[in-house]
Amino acid sequence: RKEVEQDPGPFNVPEGATVAFNCTYSNSASQSFFWYRQDCRKEPKLLMSVYSSGNEDGRFTAQLNRASQYISLLIRDSKLSDSATYLCVVNRGGNNRLAFGKGNQVVVIP
Amino acid sequence: SQTIHQWPATLVQPVGSPLSLECTVEGTSNPNLYWYRQAAGRGLQLLFYSVGIGQISSEVPQNLSASRPQDRQFILSSKKLLLSDSGFYLCAWSSTSGGRLLDFGPGTRLLVL
């Protein structure tokens, strides 16, 4: 089983709609979780951390389910500029060694 | 503020040729430094990380090596490139205090022919 698994998509989303996707992780001892955003042919950039109680940043909501070992990201009121690949990231342990999923590709359609 | 540089941005190299990619960080001291590779259709794979000058940890056996000759300089090398070395190479840094997540450089796109 891979460390971090994501359904690559693409997720075609009408502008203004809501889209949600999950990622699963294999190491039950993982403590830190994040979502990164990667635009086409660019480097990944931190979107948000994922806290145990769930957290929201504007139109973005992240949640963690430790029992089932998955993380979710929900985007409300999708904008064209939200089109990107969203990478699920899990901290593997010391020295900030992060494991990345392949990403969920989101395409917002006008 | 901190800035991370990588060069070159794009590189086309023949099989069997050597490789040297450089990464430098500005505006911080004693960072943790990382090399990742993103191959087509695959996720980001951690290749090497370094917690200090001359300290290199390899995550996977491969055709590549890394060096850290100075505090804020991280170099990725190969003596003989393989076709499978093609990919998007990303350098990243984080604070050793752990209070900051990875910031990535702009990356080098390598094509081995």
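A, B, ... follow the sequence lines: proteins, then strands. Residue 1 opens every chain.
Cluster membership check: A/Ile71 shares its hydrophobic cluster with A/Leu47, using side-chain heavy-atom separations under 4.5 Å among Ile, Leu, Val, Met, Phe, Trp and Tyr. Neither A/Trp35 nor B/Tyr36 shares a network with the other; the hydrophobic side chains, linked directly or stepwise wherever heavy atoms of I, L, V, M, F, W or Y lie under 4.5 Å apart, form separate groups for each. Under the 4.5 Å side-chain heavy-atom criterion for Ile, Leu, Val, Met, Phe, Trp and Tyr, A/Leu64 and A/Phe34 are members of distinct hydrophobic clusters. Under a hydrophobic clustering in which Ile, Leu, Val, Met, Phe, Trp and Tyr are joined whenever their side-chain heavy atoms come within less than 4.5 Å, directly or via other members, B/Leu113 and B/Leu21 fall into different clusters. At a threshold of 4.5 Å between side-chain heavy atoms, the hydrophobic network of Ile, Leu, Val, Met, Phe, Trp and Tyr places B/Leu110 and B/Phe74 in one connected group.
To the nearest 0.5 angstrom, B/Phe104 atom CZ is 10.0 Å from A/Leu46 atom CG.
Interface summary for chain A: among B/Ala92, B/Pro106, B/Ser57, the most heavy-atom pairs under 4.5 angstrom belong to B/Pro106.
A/Phe100 and B/Leu44 get closest at one heavy-atom pair: CD2-CD1, 3.5 Å.
Using a 4.5 Å cut-off between heavy atoms, B/Gln45 makes no contact with chain A at all. There is no contact between A/Thr85 and chain B, counting heavy-atom distances below 4.5 Å. Heavy atoms of B/Leu90 lying under 4.5 Å from chain A belong exclusively to its side chain.
Checked options A/Glu43, A/Gln38, A/Lys102; the residue passing with B/Gln38 is A/Gln38 (criterion: side-chain hydrogen bond (donor to acceptor under 3.5 Å, both in side chains)).
Side-chain contact between B/Tyr34 and A/Leu98 is absent, with no heavy atoms from C-beta onward closer than 4.5 Å.
For A/Arg76, the CZ atom is densely surrounded, since the number of other residues' heavy atoms within 6.0 Å is greater than 12.
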